[in-house]
Amino acid sequence: MKTKHILLLQRKYGAKGTNGTITYLGEEICHTIELPDRNNIPRLSCIPIGQYKLQKRRYPKHGEQIGIPVVLGREAILIHAANNALEELQGCIAPVTSLTGEGTGDHSGKALAKLKALVYSLWDMGDDVYLNIR
């Protein structure tokens, strides 16, 4: 039987971006940056609060990444490296090592590698992984 693993993303909303922290079993994995909350407008807003099943996705621009395929009214949402939400994101979530301001952070590649290592290890066991956004 598949085990359901839940990553928790707790957010703080700002005018220039949405900052968050992803934890798993109470342990901090990384911080996140997203676009500001603009009522789920595609390419301009962070995704709505909810629980989303994560899936492996391959994209021409970003290669193989953690995807969030089922978001109401949206498509091609993924988790990829970026250090500035307004300049580099179109509705996706970017892991960062530390937050430097609203919608900005640093060492995104390092944070993404840590998150992917965790999620891929759970997938390799044949389990499902969900992201619960609050």
Side-chain angles (χ1 to χ4, degrees):
M1 197 172 107
K2 283 189 176 192
T3 303
K4 183 174 170 180
H5 299 274
I6 297 176
L7 304 178
L8 179 61
L9 170 53
Q10 292 179 288
R11 289 175 166 166
K12 287 190 181 105
Y13 299 93
K16 294 180 183 166
T18 301
N19 294 352
T21 302
I22 293 179
T23 56
Y24 175 65
L25 301 176
E27 182 189 337
E28 186 178 294
I29 306 304
C30 60
H31 296 287
T32 60
I33 58 170
E34 296 173 77
L35 291 170
D37 185 0
R38 296 180 176 131
N39 296 317
N40 198 31
I41 299 169
R43 301 189 181 283
L44 296 176
S45 176
C46 60
I47 64 175
I49 287 171
Q51 186 164 288
Y52 302 95
K53 186 175 181 179
L54 301 180
Q55 292 177 355
K56 211 177 283 186
R57 289 281 195 232
R58 184 167 285 286
Y59 293 92
K61 184 176 171 186
H62 299 286
E64 188 178 273
Q65 297 293 349
I66 300 167
I68 309 172
V70 185
V71 178
L72 192 66
R74 306 282 283 276
E75 57 186 37
I77 301 294
L78 62 154
I79 299 176
H80 67 79
N83 292 306
N84 185 311
L86 291 177
E87 292 176 11
E88 300 173 85
L89 297 178
Q90 295 185 318
C92 297
I93 299 173
V96 292
T97 300
S98 56
L99 297 165
T100 57
E102 278 186 6
T104 61
D106 60 12
H107 305 293
S108 185
K110 186 176 166 190
L112 178 62
K114 183 177 178 183
L115 181 63
K116 276 176 112 172
L118 169 64
V119 172
Y120 277 63
S121 71
L122 298 172
W123 281 340
D124 288 346
M125 295 189 298
D127 292 341
D128 289 333
V129 183
Y130 289 81
L131 182 65
N132 190 355
I133 301 175
R134 288 200 193 146

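Quick caveat, the model's predicted, so the values are computed rather than measured. One-based numbering along the sequence shown.
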For residues L115 and L7, determine if any side-chain heavy atom of one lies less than 4.5 Å from a side-chain heavy atom of the other.
->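 A side-chain contact under 4.5 Å exists here.
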Side chain proximity check, I68 to L54, heavy atoms < 4.5 angstrom |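 Yes, their side chains come closer than 4.5 Å.
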Ring pair (Phe, Tyr, Trp, His ring centres under 6.0 Å) with H31: which residues, sequence neighbours excluded?
-> none
For Y130, all residues meeting ring pair (Phe, Tyr, Trp, His ring centres under 6.0 Å), sequence neighbours excluded |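 None.
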Any donor-acceptor pair under 3.5 Å from N19 side chain to G103 backbone =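 Yes; judged by distance alone, with no hydrogens or angles, the pair exists.
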Going by salt bridge (charged side-chain N to carboxylate O under 4.0 Å, His left out), name the residues that satisfy it together with [X], two or more places apart in sequence or in a different chain.
X: E64; value: R58
X: K4; value: none
X: R134; value: none

Which other residues end up in the same hydrophobic cluster as I41, if Ile, Leu, Val, Met, Phe, Trp and Tyr are linked when side-chain heavy atoms come under 4.5 Å apart?
-> L44
How is the hydrophobic cluster of L89 composed, in terms of its other members, when Ile, Leu, Val, Met, Phe, Trp and Tyr link through side-chain heavy atoms under 4.5 Å apart, directly or indirectly?
-> I33, L35, L86, V96, L99
Kindly state each residue pair satisfying salt bridge (Lys or Arg N to Asp or Glu O under 4.0 Å) with at least one member in residues 81-108, sequence neighbours excluded.
->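 For residues 81-108: none.
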Selection residues 109-130 - residue pairs positive for salt bridge (Lys or Arg N to Asp or Glu O under 4.0 Å), sequence neighbours left out =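 Residue pairs with at least one partner in residues 109-130: K2-D128, K53-D128.
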Evaluation steps, side chain to side chain contact (heavy atoms under 4.5 Å, CB included), between I6 and Q51 = CA-CA 9 Å; I6 297 176; Q51 186 164 288; 3.8 Å; yes
Who passes side chain to side chain contact (heavy atoms under 4.5 Å, CB included) against [X], sequence neighbours left out?
X: R11; value: L9, Y13, T18, E34, C46, I47, I49, I133
X: A81; value: S108, L112
X: P48; value: N40, Y52, V71

Could you report the tightest heavy-atom contact between [X] and [Y], atom names first, then the distance?
X: P95; Y: I93; value: CD-O, 3.9 Å
X: Q55; Y: W123; value: C-CH2, 3.4 Å
X: H5; Y: Y24; value: ND1-OH, 2.6 Å

Please report the C-alpha distance between I79 and C92 in whole Å, then the side-chain angles of each, then the deciding distance to 0.1 Å, and finally whether the side chain to side chain contact (heavy atoms under 4.5 Å, CB included) criterion is met.
-> CA-CA 6 Å; I79 299 176; C92 297; over 6 Å; no
